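For reference, the structure is listed below as structure tokens.
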Amino acid sequence: MKVNRNMTNLQIAQLLRAVAAALELTPGDNRFRQIAYERAADAIEHSSSEAKDLWDDNELASLPGVGESIASHLDELFRTGKVRHFDSILKEFPPALFELLDIPGVGPKNALKLCKALGITSAHSAISKLEKAAKKGQVALIEGFGEDSQAKILTGIIEQKGRSKRLLLNTAQTIADSIQNWMEKIPQVEKINALGSLRRQASTVGDIDLSVASDDARAVIEHFTKYPQKSRVLEAGTQTASLTLPNEYQVDLMVQPSQAYGSLLQHFTGSKHHNILLREYALKKGLSLSEHGIKRAGKVVQFESEQKFYNFLGLDWIPPELREGENEIQLALTHKIPKLVELADIRGDLQIHSNIDVEPSHDLGESTLRELAEKAKQLGYEYIGLTEHNPAVSGHTEGKIEELIKKKTEIVHSFHDSIHIFNGMEIDIQPGGKRALPDKCLSMLDYACVSVHSSFRQNKSDMTKRVLAALDHPKVKFFAHPTARLLNEREGIELDWDQIFDFCLKNGKWLEIDGWPNRLDLPDVLAHEAVKSGVKIVIDTDSHSADHLDYMRYGVSVARRAWCTRNDIVNTLPLTGMRKLLC
DNA sequence: GCCGTTTTCGGCCCGACTGTTTTCAGTCG
């Protein structure tokens, strides 16, 4: 592991987890110190701010789980690029050990045994050395290991190699639907739900989690392990089972009888961090929580609904999107959980690409204005906005560009229907901050949004100036897919978000949540920060065909995870309200 | 090592599954 001053949150989390693993292997060490390091790792990995920025503002210890001691170690890390205390703990163990922890099923104790028995020391190619040894049958000979655990290590290595990417939310939904259909073929399945990060609507999903209500868990699990598209069955017990799909994605299933289904939903929805906090809260009331129910004085109370489960604890029901272990439990206790925006609140979609050919700089849409309007009416919208990309700058004179915009404007204005069409445009922000459309053309439009489609790696300060310059025009209403990230493909750009929020707030600009499944941008944590600052959000789909308008549900999911209410979202306004904002 | 609606000291979430044991340790979510 390379330790340096510029570590990302994920890298720091991995460093802290390595320390936790080393502590676990240190004889006589306090088990809870180890847990403390793991919690600090979780807190940093899930923080909405870069740890280094928090350190700059002397706010590291504001992260729950990061106290005085770990904060001072991180201070040393950011000042000097290393942490002597961590070094002294880690140097007792072969670097290879920490690599082996990546293999599912291999924990600190077994990793150490493997390193010692097989003589694997360096981090470099540690996993492939283990793989070779296992294939030669050497692992089965080590004390405490056998043929089965050797085979398990080999499948674990396959899994580790194949699982570099997380599933996009919409893909996960499709897979879950297919398994759900399979499970519903047998009568013993009374209820079935997809839970975990999918139910919490995280932008990407690691595992697919399913729960079933049934009095015959055996039959349910047996049927599950016969799912036709499975690759391998990882485990199958009396209440839970796991299998993998051909692309190494894992599916976990858990079964409880109907009368205890509420606690199962709660348990399996997570997040892990939410559950830990909830159990700690319950413990103070003398209650112990599990997927079976709530244990009070040795007796388990069962719950058929999740609502009853939370109410029994004196809490309001908490929407799954908010169960990430922030302050949702305290708010549920004092009846302060906000009413989150819903799909039905949305009145229109302001980033749609039609097939009106303005000879654009990027992809043209596929659907006609008529097709888009019909689809939007089906969704119950009052308005949509067409935002084709600006005409390509190269190969067009300013006169030609003007002509193209004029032509498009005439098409939009001559279209009459019960749904209102706003005449917009998505404009590239050039590397220097200039908009890729002459201001003369802007005056023909009802509005525009701006976005970054090139030079993604500028430094934070230049990038921030670039974006603010482009936003600074009365017709420019919002900043589209603001981080420009592509999930599993491209990191987002670097911006000084406080400056962006501040500018938006002062100048009435909005930030977009783009519902396109591999964008989902703004990301939930940043959108949460934005609305806390008072910045308004517009949720769009970035549709390039009429079918894509259905992606609105994913944009709304991001907004819900960002704690947005209807008031935070401008396109919950009816047409009259939106007209005032745009014209 | 962290933290406070019983606590600044004394606690720290809970259970399932597997493999290798012969009653439990390790790992996971």
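No hydrogens, no waters, no symmetry mates; every other heavy atom, side chains included, goes into these values. Order of the sequence lines fixes the chain letters, A, B, ..., with proteins taken first and strands second; residue numbering starts at 1 for each chain. Note that the coordinates shown come from a computational prediction; the quantities given were computed from them, not determined experimentally.
Residue A:Ser149 has no polar side-chain atom (N or O) positioned under 4.0 Å from OP1 or OP2 of B:dG19. Side-chain nitrogen and oxygen atoms of A:His273 include none within less than 4.0 Å of the OP1 or OP2 phosphate oxygen of B:dC13. At the phosphate of B:dC13, neither OP1 nor OP2 sits under 4.0 Å from any side-chain N or O atom of A:Arg279. Here A:Lys272 does not reach the OP1 or OP2 of B:dG29: none of its side-chain N or O atoms lies under 4.0 Å away.
Aromatic ring pairs are classed by plane angle as parallel below 30°, tilted from 30° to 60° and perpendicular above 60°; the pair A:Phe312 and A:Phe303 is perpendicular.
Residue-to-nucleotide contacts include no donor-acceptor pair under 3.5 Å from the side chain of A:Asp252 to the base of B:dG29.
Taking the C1' atom of each, B:dT5 and B:dG1 are spaced 23 Å apart, rounded to whole Å. Between the C1' atoms of B:dG26 and B:dT20, the separation comes to 11 Å (whole Å). Distance noted for atom P between B:dT22 and B:dC28: 24 Å (whole Å).
For B:dA25, the paired base is B:dT18 (Watson-Crick or G-U wobble, both distances below 3.5 Å).
The side-chain heavy atoms of A:Glu24 and A:Arg31, taken from C-beta on, include no pair separated by under 4.5 Å.
Heavy atoms of A:Ala282 sit nowhere under 4.0 angstrom from any nucleic acid atom. Within the nucleic acid shown, A:Leu289 comes within 4.0 Å of sugar-phosphate atoms alone, with no base atom in reach, counting heavy atoms only. Within 4.0 Å (heavy atoms only), A:Lys285 reaches no atom of the nucleic acid at all.
Salt bridge absent: A:Lys460 and A:Glu50 never bring a charged side-chain N and a carboxylate O closer than 4.0 Å.
When only modelled atom types and interatomic distance are considered, A:Asp252 and A:Ser242 share a side-chain donor-acceptor pair under 3.5 Å.
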